[in-house]
Amino acid sequence: MRLNPKFQIIWSVVKSIPKGCIATYGDVARLAGFPRNARFVGTALKAAPSELNIPWHRVINSQGKISFPSGSDKFQLQKRLLQEEGVSFVSAVVNLNDYRWKTSLDEDLWRM
DNA sequence: GCACTGACTCCCA
DNA sequence: ATGGGAGCCAGTG
């Protein structure tokens, strides 16, 4: 299947998330240039080939939570991977203020 | 080609 | 604070 070029953009954005930081689906969508495609980010990550080493676990939803049913194997895997990078959870929730990836785009927003 | 689904978010009651 | 509904748009059957 010919991959949608949007996938590549999203993957590259996700790959640029620094270790120990997290970003939300909405953030990734916005940085990739698709402001209203948060859902599409999830689709892209699901479709991402594992050999690309996409740090998909650094992407969580806007509530600071993992977007898998709590207790599912995917949920536990993502949580564990994040904890190994130093991201701490408080009752299954990440403190976005501490770990959210600050981007140059965001800085423009802060400035105003 | 149509209808449904989804690793989301925003907005309003 | 919380829950429900609409918007989004590509993938999947």
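Note on naming: letters A, B, ... go to the chains in the order of the sequence lines (proteins, then strands), and numbering restarts at 1 for each one.
The interatomic distance linking A/Ile66 (CD1) with B/dA7 (P) rounds to 14 Å, in whole Å. Rounded to whole Å, the distance from CG on A/Asn37 to P on B/dA7 is 16 Å. A/Ile54 has its CD1 atom 17 Å from the P atom of B/dA7, to the nearest Å. Atom P of nucleotide B/dA7 and atom CG of A/Leu82 are separated by 18 Å, given to the nearest angstrom. A straight line from CZ of A/Arg36 to P of C/dA6 spans 18 Å, rounded to a whole angstrom. Per the geometry, CD1 belonging to A/Ile10 stands 12 Å off C1' belonging to B/dA7, to the nearest Å. The distance between atom CZ of A/Phe7 and atom P of C/dT12, rounded to the nearest whole Å, is 7 Å. The CG atom of A/Asp27 sits 15 Å away from the C1' atom of B/dA7 (whole-angstrom rounding).
The distance from atom SG of A/Cys21 to atom CZ of A/Arg100, rounded to the nearest 0.5 Å, is 12.0 Å.
Looking at heavy atoms from C-beta onward, A/Ile22 lies in side-chain contact with A/Leu82 at the 4.5 angstrom threshold. Between A/Ile10 and A/Phe34, the closest side-chain pair of non-hydrogen atoms falls below 4.5 Å.
Each of A/Arg39 and A/Ala47 was assigned the nucleotide of DNA chain C with the nearest heavy atom; the assignment lying further toward the 5' end belongs to A/Arg39.
For A/Ser62 and B/dC8, the shortest distance from a side-chain N or O to OP1 or OP2 is not below 4.0 Å. Taking side-chain N and O atoms only, A/Lys6 has a distance below 4.0 Å to OP1 or OP2 of C/dA10.
Candidate nucleotides B/dT9, B/dC8, C/dA10 were compared by shortest atom distance to the side chain of A/Phe40, and C/dA10 ranks first.
Centroid-to-centroid, the aromatic rings of A/Phe40 and A/Phe7 come within less than 6.0 Å.
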